[in-house]
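Every value quoted in this text rests on a predicted model; they were computed, and no experiment measured them. Every chain is numbered from 1, with letters handed out A, B, ... down the list of sequences.
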Amino acid sequence: MRYAVRVGGRTVRLETSPEGRMLVEGRVVAHDVREIVPRRLWSVVVAGGSREVALLGGDPPRMQVDGVEVAVAVADERALAARRDRAAAAGGRHEVRAPMPGLLKAVHVSEGDVVERDAALATLEAMKMENELRAPARGTVQRVAARAGTKVESGALIAVLVDDAS
Amino acid sequence: MRYAVRVGGRTVRLETSPEGRMLVEGRVVAHDVREIVPRRLWSVVVAGGSREVALLGGDPPRMQVDGVEVAVAVADERALAARRDRAAAAGGRHEVRAPMPGLLKAVHVSEGDVVERDAALATLEAMKMENELRAPARGTVQRVAARAGTKVESGALIAVLVDDAS
Amino acid sequence: MFQKVLIANRGEIAVRVIRTCREMGIRTVAVYSDVDRTAMHVRLADEAFLIGTAPPGDSYLRIERIVATAKRTGCDAIHPGYGFLSENADFAQAVADAGIVFVGPPARVQRSLGSKTEARRIAASVGVPIAQGTMDPVTDVAEARGACERVGYPVLLKPAGGGGGKGMRIVRRAEELADAWRGATGEAQTAFGAPALLIERYIEHGRHVEMQILADQAGGVRWLGERDCSVQRRHQKLIEETPGPSVDEGLRARLAEAALRIASAAGYVNAGTCEFLVAPDGAFVFLEVNTRLQVEHPVTELVTGLDLVALQLRVAAGERIPFAQDELVRRGAAIECRVTAENARAGFLPAGGRIDLLRFPSGPGIRVDSALEPGTHVPDEYDPLVAKLVAHGRDRAEALARMRRALRETIVGGPPTTLPFHALVFDEPDFVAGRYDTGYVAEHWPLPEPELGEAQATAAAIAAVLAARAAAPRSAADPARSLWASAARAEAVE
Amino acid sequence: MFQKVLIANRGEIAVRVIRTCREMGIRTVAVYSDVDRTAMHVRLADEAFLIGTAPPGDSYLRIERIVATAKRTGCDAIHPGYGFLSENADFAQAVADAGIVFVGPPARVQRSLGSKTEARRIAASVGVPIAQGTMDPVTDVAEARGACERVGYPVLLKPAGGGGGKGMRIVRRAEELADAWRGATGEAQTAFGAPALLIERYIEHGRHVEMQILADQAGGVRWLGERDCSVQRRHQKLIEETPGPSVDEGLRARLAEAALRIASAAGYVNAGTCEFLVAPDGAFVFLEVNTRLQVEHPVTELVTGLDLVALQLRVAAGERIPFAQDELVRRGAAIECRVTAENARAGFLPAGGRIDLLRFPSGPGIRVDSALEPGTHVPDEYDPLVAKLVAHGRDRAEALARMRRALRETIVGGPPTTLPFHALVFDEPDFVAGRYDTGYVAEHWPLPEPELGEAQATAAAIAAVLAARAAAPRSAADPARSLWASAARAEAVE
C-alpha cells in the first residue's frame with residue numbers, strides 16, 4: 001500500500017511491502033518503531049535518530065514530534081484520487097461551525113455579504129469568554145444557519161461561505 | 001453477600017444488599033465510591049470523609065489508604081468456613097519460594113534442621129546483590145527443594161518448613 | 001494556627017492550598033460541584049462536600065452554602081484561592097460574621113480596593129501616578145464618547161466591577177467606540193453582573209508589571225518582588241516571570257514603594273498584588289490591586305524561597321511576618337507558562353475535553369502545579385487551565401533553557417492547548433531577549449507553523465501510517481481515525 | 001562547549017544528564033541494552049544506539065563498543081553517570097585515547113582514588129584521619145583473622161576494588177568472621193571482579209557524612225556542602241539530606257578542609273565526593289572518594305542553586321568554576337528519598353516487575369528525578385531505583401513536612417517498594433529530631449505495621465470488596481484477584 005502523509009510542512013510518501021518493509025520516498029529505511037502508549041505515543045528510531053511522536057488528537061489531527069506540534073494527515077493511494085474528485089466538486093465551500101457549546105451572542109453577517117479572511121462572523125460566549133468565529137477565507141456568505149441569542153451545540157453549523165475564486 | 005475484610009490491623013464486616021446498599025458492621029453507611037483507575041484507584045467519601053484507596057498489587061495484596069500502605073484480604077461468608085477448614089489442614093506449613101529470578105548461591109540448611117524465625121535458609125543472588133531468604137517462622141525444615149549453584153525462576157520452591165507448634 | 005481550613009475553590013489552586021495545609025498539619029475540607037466529584041482536590045482533602053451543580057453560580061459562588069459547610073465541619077478558616085469568591089467583599093464579610101477567619105484581606109479592604117475608582121483615588125491620594133481617565137464608572141455610550149475625547153485616543157475600556165482581563169477593549173479611533181462599548185459592557189454584565197465601564201488612556205508598548213506584597217495584622221508590610229505579565233492574549237496572561245527583564249533596581253524600588261504606600265493607605269492585610277503599567281521610558285501608572293493570591297505566585301515563591309500560602313495562613317492567624325524586608329533574598333529568575341486548553345492556532349479559542357494523554361516534565365528547576373491526570377475532563381464551566389509549568393534558574397537564561405527543555409517533555413493529548421504557542425515563544429528572538437510588552441502576542445502571533453526536518457517528518461509519517469492502519473477497524477472515538485478523515489481536507493486545499 | 005555528548009548510562013541519571021545537555025544546547029547520544037529500547041533515556045536523546053543485551057557486561061560495561069559509538073557519531077565528550085563505568089579508570093583512559101573528553105576525573109585520578117588503599121594513603125599523607133585498619137588488600141581469611149585481632153573488633157570488611165556499599169560486612173566477634181568473609185569476598189568478586197577486602201575498625205553509632213567537591217583543570221577547587229547519608233540498609237543509602245542535622249559550622253569547615261586537602265593531593269578534577277564517618281563526639285575518619293556524580297546530588301543542587309551536571313560539563317570542557325567559594329550561598333535544607341522496587345517489609349529484598357499504577361508528587365518544593373512511567377518494567381538486571389523524591393524547604397522542618405506531604409501523594413503499584421519505609425520514617429521521632437546514625441534502620445525497622453483508623457479501614461474495605469467482586473470473572477493477571485487468594489492465608493493465621 002502507498003501513502004502520502006502531510007506533516008509539518010512536508011509531504012512524505014511511504015510504501016509498505018507485503019513483507020512488512022517500509023519504503024520512504026522509494027528507499028528502504030531501517031526503522032525501529034515502538035508503541036509506548038497504544039495508538040498515541042511512539043518511539044521511532046531511524047538510522048540512529050531518536051524521535052518521540054505523539055498523536056494529540058483534534059480534527060484536523062495534530063502530532064507532536066520531539067516537542068514540536070504540527071498538523072498531520074494520511075491518505076492512501078486509492079483514496080487520493082477519489083478524494084481529489086470530491087474535493088474539487090466541493091471546493092471553495094467553507095462551513096463555519098461552533099467549536100464548543102455556548103451561547104451565540106451575535107451574528108455579524110448576512111447572506112450575500114462579502115467578507116475578508118479572519119473577519120468576525122459571529123460571537124460565541126463559552127467558558128466565561130466571548131469568542132469570535134472568523135472567516136477561514138475571503139468569500140461570500142452563502143447561508144447563515146444560526147440565530148443570535150440561541151444556545152448552540154459543539155459542531156453546530158453557523159454559516160456557509162463560498163470562496164470568491166470558485 | 002457478606003464479607004470480612006482484613007485491612008490495616010482491623011477486620012471490617014460488610015454486607016451488600018441486592019438493591020446495592022452497603023452495610024458496614026450492620027449499619028447502612030452513606031458512601032460514594034468512584035473508580036479513578038479501573039480496579040486500582042478509588043475515591044471513597046463516607047460521611048464527608050474523603051479517602052483515596054489504591055490497590056498496589058502484590059501477594060498478599062497491599063493497599064494504600066491516604067498514603068498509608070497496609071496488607072488487605074477479602075473473604076466472603078461461604079468461602080470463610082471452607083477456607084478455615086483447608087487452612088487448618090495446611091496450617092503450619094510454610095513454603096519458602098524465590099521472590100525473583102536469580103542464582104541460588106548457597107543453601108544454609110538441610111532437611112530436619114530446626115531453625116529460628118528469620119534464620120537465613122538460602123542466599124539468592126539477583127540484581128547484583130546477595131539476598132538472604134529467611135524463615136517465616138520457627139520450625140523444622142521438612143524439605144529442601146533447590147540446589148546451590150542453580151538458577152531459579154521467580155516463585156520456585158526453595159524449602160518447606162513445618163511449624164514446631166503444629 | 002488553624003486546625004481545619006475549608007478551601008472555597010477547585011482545580012490546581014485548591015490542590016496548592018491543600019498541599020501547604022497538609023505540610024502545616026492543618027486538616028482540609030474541600031467543596032465541589034457535581035462534575036468535580038473525582039477531581040484531585042476532592043481526593044487530596046481530608047473531607048469533601050458537594051455544594052451544587054456545575055455552573056459556578058450554583059456551586060463555587062454559593063456564599064451561604066460554603067459558609068454553612070465550614071461552620072458545620074468545624075473549620076476555623078476559609079481560603080478562597082483565586083477567582084470565584086476570592087475578591088468578593090460580601091463573602092469575606094459573611095465568613096467573618098460566621099466567626100470564621102477569611103484568609104485574605106477583610107471585607108473593608110476588599111470593598112475599597114475592589115472598586116477600581118476607589119482604588120485609583122487611594123493611589124492618587126498617596127502620590128502614586130494613575131492613568132488619565134474617568135474616575136467614576138460610565139454606563140452610557142454618549143458619556144463615554146465625551147470622556148474618550150477628553151482623555152484622548154487610544155483608550156482602554158475596562159469593567160468597573162472586576163478584574164482578570166475579562167471585558168477589556170482597546171479603542172484606537174472614535175469610530176471603533178460603538179462596537180467596543182457594546183462588547184465590553186456585555187462581557188462586564190456577564191462576568192461581574194454590572195455593565196459599568198471605566199475609560200483610561202491606553203499606554204502603547206506598556207509592560208504589565210506587578211508587585212507582590214504581604215501585610216500582617218500588626219501593620220507589618222513587605223514587598224516580595226515584581227512579576228512581568230505582559231505576554232497576554234485577550235488581556236489574560238500566558239507567561240509571567242520574575243525579575244521583570246526590563247526592571248532595574250531603581251524601577252523595582254519605585255514600584256515597591258508605590259505598592260507599599262497604597263497598601264498602607266488601604267490598611268491592607270494578607271497577600272496582594274499591585275498591578276502597574278510601565279511605559280517604555282520607565283514611567284508607570286497604577287492599574288489595580290488584586291486582593292488575593294495570584295495565579296502566577298509560584299515564580300515569586302521559587303525566587304524568594306517563601307511559601308506564600310503558608311504566609312497567608314500565618315498572617316490570617318494573627319502571626320507577624322517572620323522576616324524583615326532586608327532579610328529577603330531573591331535568588332535567580334523564574335518563569336511560568338500557563339498551559340490552558342485553548343486552541344492557540346484558532347485565536348486561543350477555549351476548548352474543553354478529555355485529557356487522554358498526559359506527560360508532565362520534571363527534574364532540576366521545574367515545578368508543575370496542576371490538578372489534572374490522564375482521563376480528567378477539562379469542564380466547559382470553568383477556566384480551562386491544564387497546568388502551570390514553572391522553571392527556576394540561576395539567571396533568566398537558565399530559567400528559559402529549563403522551560404524550553406520542560407516544554408519538550410510535556411505532552412497533552414485531547415483538547416488543543418496553548419503549548420504550540422509556548423514552544424514557539426521560547427525560541428522567538430524578541431522574547432528571548434526580554435523585548436516584549438502587552439502588544440507582544442498580537443504582533444508575533446500566529447508564528448509560522450513550524451517546519452519539521454526531514455528525519456522528524458519521516459518518523460512522524462511512519463507513526464501516522466501505523467496509527468491510521470491500526471485505527472481503521474476500531475471505534476469512532478479513536479483519535480487515530482481522524483488521520484484519515486483529515487486527509488480529504490488536506491488534499492482539497494493543496 | 002561540547003557539541004554532542006554520549007551518555008554511557010541508563011535510567012534516571014541518563015535522563016538527568018540529557019536534561020542538562022538539552023538546556024545547554026548540547027546534542028545527546030543514548031546507548032541502550034535490548035531491554036531498554038523503549039526507556040525514557042532512549043526517547044529523550046537525539047540519537048540512540050543498541051549496544052548489547054541486558055546483562056551489564058554485555059552492554060553498559062562494554063568499553064570498546066561505547067567508545068566506538070561515540071567516535072562514529074562524532075561525540076566530543078562522554079558522561080558516565082554513576083555506577084557502571086563511572087569509576088572505571090580503563091574506561092576514562094580509553095575515552096581519552098579516542099580523543100574524546102571524559103566528563104569526570106581523568107584515569108590517573110580514578111586509578112589512585114579508586115584504590116581504597118591508595119586513597120587512604122593520600123588522605124593520611126595530608127593529615128586527614130583514617131580508620132585504623134589494613135593498608136593493603138587482604139585475600140586470605142587467615143591473614144584477615146590476624147588483621148582483625150590487631151585492629152580490634154568490631155571491624156568492617158569492605159571490597160578493596162569498589163564502592164557503593166556492595167559486599168560490606170560488619171564483624172563484631174571473631175566467630176562471625178568466617179561467614180562474613182565468605183559473603184563479602186564473594187560479592188566483591190561478583191560486583192568488582194576482585195575478591196580482595198580491606199579490614200577497618202568499625203565505628204559504632206557513626207554517621208555517614210560526605211562532602212561534595214568540584215575542581216577545575218586550572219587548579220580551582222570548591223566545596224559545595226555536606227550530605228548526611230546515614231540512613232542505609234545493606235550499607236546502601238535510603239535517605240540523604242543537607243545540611244547534616246548533626247553538622248555544625250565547625251564540623252562543616254573541618255570536613256571541607258579535609259576534602260579540599262585530599263582533592264589537591266590527588267590532583268582532582270571535576271565533581272567528586274569525599275565520604276567520612278563521623279563519630280558521636282564529632283571526630284571523623286576519611287572513608288573514600290567517589291570519583292563521579294552521586295545519586296544524591298539533587299539535595300546539593302536544591303540548596304546551592306547549582307546544576308552539578310552543567311558544572312561537570314563546564315570544567316570538563318576546560319572552563320573555570322564560575323564562582324568563588326565565598327559566593328556560594330546555601331539556602332534552606334533538602335532531603336531525598338530513594339524509592340526503589342524492594343520489599344521494605346521483607347528485608348528490602350529487590351523485586352522487579354511492571355509498574356502498573358504510578359503517581360508522582362509535584363507542587364512547591366518537590367523535585368522528582370525518575371525515568372519511569374506507568375507500564376515500565378523495572379528490569380531485574382539493574383538497580384531497582386523507581387524515583388528520587390527530593391524536597392526543599394526553608395529549613396529542615398519545612399523540607400521534612402514537604403516530603404511527608406509528597407509521600408502521601410505518591411502511588412507506585414506493581415512491585416513492592418521502599419515507600420512504606422519512607423512513609424513511616426518521616427513520622428518516627430528519632431529521625432524527625434535528626435537523631436540517627438548508620439545503625440538507624442537496623443534499630444528501628446521494621447516499624448510496626450500501621451493501623452488504620454476506623455474510617456480509613458471502612459473506606460479501604462469498601463474499595464476492596466468492589467475490586468474483588470469486579471475481578472472474579474476477569475484475567476488471572478488482575479491484581480484484584482489476589483484479594484481473594486490472600487484471604488485464605490489471612491484466615492489461617494488469625
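Residues of residues 390-401 of chain D that come within less than 4.5 angstrom of chain C, heavy atom to heavy atom, are D:Arg394, D:Glu398, D:Ala401 in numerical order.
Contact count against chain D (heavy-atom pairs under 4.5 Å) is highest for C:Leu306 among C:Val15, C:Leu306, C:Leu302, C:Ile18. With chain C as the partner, the residue from D:Glu12, D:Arg404, D:Arg331 showing the most heavy-atom pairs under 4.5 Å is D:Arg331. For chain D, the option among C:Gly365, C:Gly363, C:Ala406, C:Pro364 with the highest count of heavy-atom pairs below 4.5 Å is C:Pro364. Across C:Arg16, C:Glu301, C:Lys388, C:Met403, the residue that shares the most heavy-atom pairs under 4.5 angstrom with chain D is C:Arg16.
The structure places CG of C:Leu389 at 10.5 Å from OG of D:Ser362, a figure rounded to the nearest 0.5 Å.
Both the backbone and the side chain of C:Arg402 come within contact range of chain D, with heavy atoms under 4.5 Å apart. At a 4.5 Å heavy-atom cutoff, the contact between C:Glu373 and chain D is made by side-chain atoms alone. Heavy atoms of C:Pro298 lying under 4.5 Å from chain D are absent altogether. When heavy atoms are compared at a cutoff of 4.5 Å, C:Met24 does not approach chain D at all. Heavy atoms closer than 4.5 Å to chain D are found nowhere in C:Val309, neither backbone nor side chain.
In this structure, D:Glu454 places its CD atom where only 12 or fewer heavy-atom neighbours from other residues, nucleotides or ligands lie under 6.0 Å away. Counting heavy-atom neighbours within 6.0 Å of C:Arg320 CZ, excluding the residue itself, gives a total of 12 or less. More than 12 heavy atoms of other shown residues, nucleotides or ligands fall within 6.0 angstrom of atom CD in C:Glu319. Counting non-hydrogen atoms of other residues, nucleotides and ligands closer than 6.0 Å to CD of D:Gln3 gives a total of 12 or fewer.
In this structure a side-chain-to-backbone donor-acceptor pair under 3.5 Å is missing from C:Arg408 to D:Arg22.
Results of the side-chain contact (heavy atoms from CB on, under 4.5 Å) test with D:Glu409 over C:Arg43, C:Met40, C:Arg19 single out C:Arg19 as the only residue that passes.
Partners of C:Phe431 according to the ring pair (Phe, Tyr, Trp, His ring centres under 6.0 Å) rule, which considers only residues two or more places apart in sequence or in another chain, are C:Phe426, C:Tyr436.
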